[in-house]
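To start, the structure under review is shown below, and the notes come after it.
Every heavy atom of this structure was used, including side-chain atoms; hydrogens, water molecules and symmetry mates were not. Note that this is a predicted model, so its numbers are computed, not measured. Note on naming: letters A, B, ... go to the chains in the order of the sequence lines (proteins, then strands), and numbering restarts at 1 for each one.
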There are 2 protein chains.
Amino acid sequence: MGITRTEIFTDEQNQLATLLKALAHPARIAILQRIMVANTCICGDLVGELGLAQATISQHLKELKNAGLIQGTIEGVSVCYCIHPENWKKLEQHLNGFLNEYKGPVSCC
Amino acid sequence: MGITRTEIFTDEQNQLATLLKALAHPARIAILQRIMVANTCICGDLVGELGLAQATISQHLKELKNAGLIQGTIEGVSVCYCIHPENWKKLEQHLNGFLNEYKGPVSCC
DNA sequence: ACTATATATTGCAATATTACGATTAATAAA
DNA sequence: TTTATTAATCGTAATATTGCAATATATAGT
């Protein structure tokens with residue numbers, strides 16, 4: 001089968017899973033970190049700085065954009081990416097909401 | 001080629017990606033939520049409560065255990081799972097550290 | 001118009017993930 | 001010891017992901 005059965009889960013669960021999947025790759029984490037550190041948007045630099053082919057970087061950027069985590073604007077011949085402020089905030093909230101459902105270790109296993 | 005090139009990333013990046021991958025499935029999110037809400041460990045209940053086959057649930061539990069997010073102890077004929085307190089804390093820290101690298105929207109795209 | 005530069009898209013091969021039926025293993029109860 | 005119950009493992013089919021070369025697209029400068 002190989003296809004996630006999203007129908008049996010809540011929208012919340014599916015949305016969080018989708019966001020986490022977008023984050024769950026070292027290249028995409030590295031890309032996001034570089035964007036965050038540089039603050040000012042970069043792009044083609046990424047291809048040189050990470051050791052991946054241009055097509056591969058472009059693909060990862062596309063995934064991050066589809067997930068809404070970054071936004072890109074064309075600047076002449078190059079493209080400038082940066083964090084999507086609102087969605088990043090939403091991600092933080094969504095994620096913290098999930099993590100905080102855990103109320104410390106109680107009598108258990 | 002279909003294999004993540006972990007060699008070109010830092011251990012931090014790879015570890016975070018691995019943790020996020022373990023979380024990045026609605027079934028595993030649902031499982032974690034149920035464990036967190038119930039506090040006291042459950043297991044076989046999960047098979048009934050989520051609409052997935054027993055083998056599938058078992059597989060997801062294994063992944064969560066491999067990632068260190070949960071722990072399981074045998075209790076008679078059944079198995080009791082619960083959150084792994086230390087690792088959950090580490091996850092929170094790791095994740096917050098990553099999310100907080102972003103310092104709000106500056107002049108950008 | 002032509003050229004150079006930057007990025008996106010396409011097509012494909014290698015590998016990973018998801019899901020499940022069937023089977024196995026392990027304990028509890030009879 | 002047989003039987004029932006629970007969970008793990010195996011095998012396999014369907015699908016998704018990762019990565020790259022090759023190609024396409026789009027803008028800037030000449």
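Within the 4.0 Å cut-off from OP1 or OP2 of dT17(D), not a single side-chain nitrogen or oxygen of H60(A) is found.
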- Check the pair I70(A), N87(A) against side chain to side chain contact (heavy atoms under 4.5 Å, CB included), reporting the backbone distance first and the verdict last. CA-CA 8 Å; I70(A) 62 174; N87(A) 290 346; over 6 Å; no
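Distance check, rounded to the nearest 0.5 Å: NE2 of H25(A) to CD1 of I31(A) gives 9.0 Å. Note that the NE2 atom of H84(A) and the CD1 atom of I35(A) stand 13.0 Å from one another [nearest 0.5 Å]. Separating the CG atom in L20(A) from the CG atom in L20(B) is a distance of 6.0 Å, to the nearest 0.5 Å.
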Check nucleotides 3-10 of chain D for protein N or O atoms closer than 3.5 Å to its own N or O atoms and list the pairs.
from: dA7(D); atom 1: OP1; to: G44(B); atom 2: N; distance (Å): 3.2
from: dA7(D); atom 1: OP1; to: V79(B); atom 2: N; distance (Å): 3.3
from: dA7(D); atom 1: OP2; to: G44(B); atom 2: N; distance (Å): 3.4
from: dA8(D); atom 1: OP1; to: Y81(B); atom 2: OH; distance (Å): 2.6
from: dA8(D); atom 1: OP2; to: S58(B); atom 2: OG; distance (Å): 3.0
from: dA8(D); atom 1: N7; to: Q54(B); atom 2: NE2; distance (Å): 2.7
from: dA8(D); atom 1: N6; to: Q54(B); atom 2: OE1; distance (Å): 2.8

Validation: residues 43-59 of chain B side-chain donor-acceptor distances under 3.5 Å, sequence neighbours left out:
from: E49(B); atom 1: OE1; to: R34(B); atom 2: NE; distance (Å): 3.4
from: E49(B); atom 1: OE1; to: R34(B); atom 2: NH1; distance (Å): 2.9

N/O donor-acceptor pairs under 3.5 Å from side chains in residues 93-104 of chain B, not counting sequence neighbours:
from: N96(B); atom 1: ND2; to: E92(B); atom 2: O; distance (Å): 3.1
from: N100(B); atom 1: ND2; to: N96(B); atom 2: O; distance (Å): 3.1
from: E101(B); atom 1: OE2; to: Q33(A); atom 2: NE2; distance (Å): 3.2
from: K103(B); atom 1: NZ; to: N100(B); atom 2: O; distance (Å): 2.9

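At most 12 heavy atoms of other shown residues, nucleotides or ligands fall within 6.0 angstrom of atom CD1 in I74(B).
Atom CG in L20(A) sits roughly 16 Å away from atom C1' in dT17(C) (whole-Å rounding). N66(B) has its CG atom 14 Å from the C1' atom of dT17(C), to the nearest Å. Rounded to an integer number of Å, the gap from CD1 of I57(A) to P of dA8(C) is 11 Å. Put simply, CZ on R5(A) is 16 Å from C1' on dT17(C), counting in whole angstrom units. Computed from coordinates, the L50(B) CG to dA19(C) C1' distance equals 14 Å when rounded to whole Å. Rounded to whole Å, the distance from NZ on K21(A) to C1' on dA16(C) is 11 Å.
With sequence neighbours left out, the salt bridge (charged side-chain N to carboxylate O under 4.0 Å, His left out) criterion links E12(B) to no other residue.
For I74(A) and T4(A), each mapped to the nucleotide of DNA chain D holding its nearest heavy atom, the one lying further toward the 5' end belongs to T4(A).
Using a 4.0 Å heavy-atom distance criterion, L52(A) is classed as a sugar-phosphate-only contact. Using a 4.0 Å heavy-atom distance criterion, E63(A) is classed as a sugar-phosphate-only contact.
Applying the side chain to side chain donor-acceptor pair (under 3.5 Å) definition to pairs two or more places apart or across chains, those involving residues 61-82 of chain A are R28(A)-E63(A).
Interface residues of residues 23-34 of chain B facing DNA chain C, ordered by number: H25(B), R28(B); criterion, heavy-atom separation under 4.0 Å.
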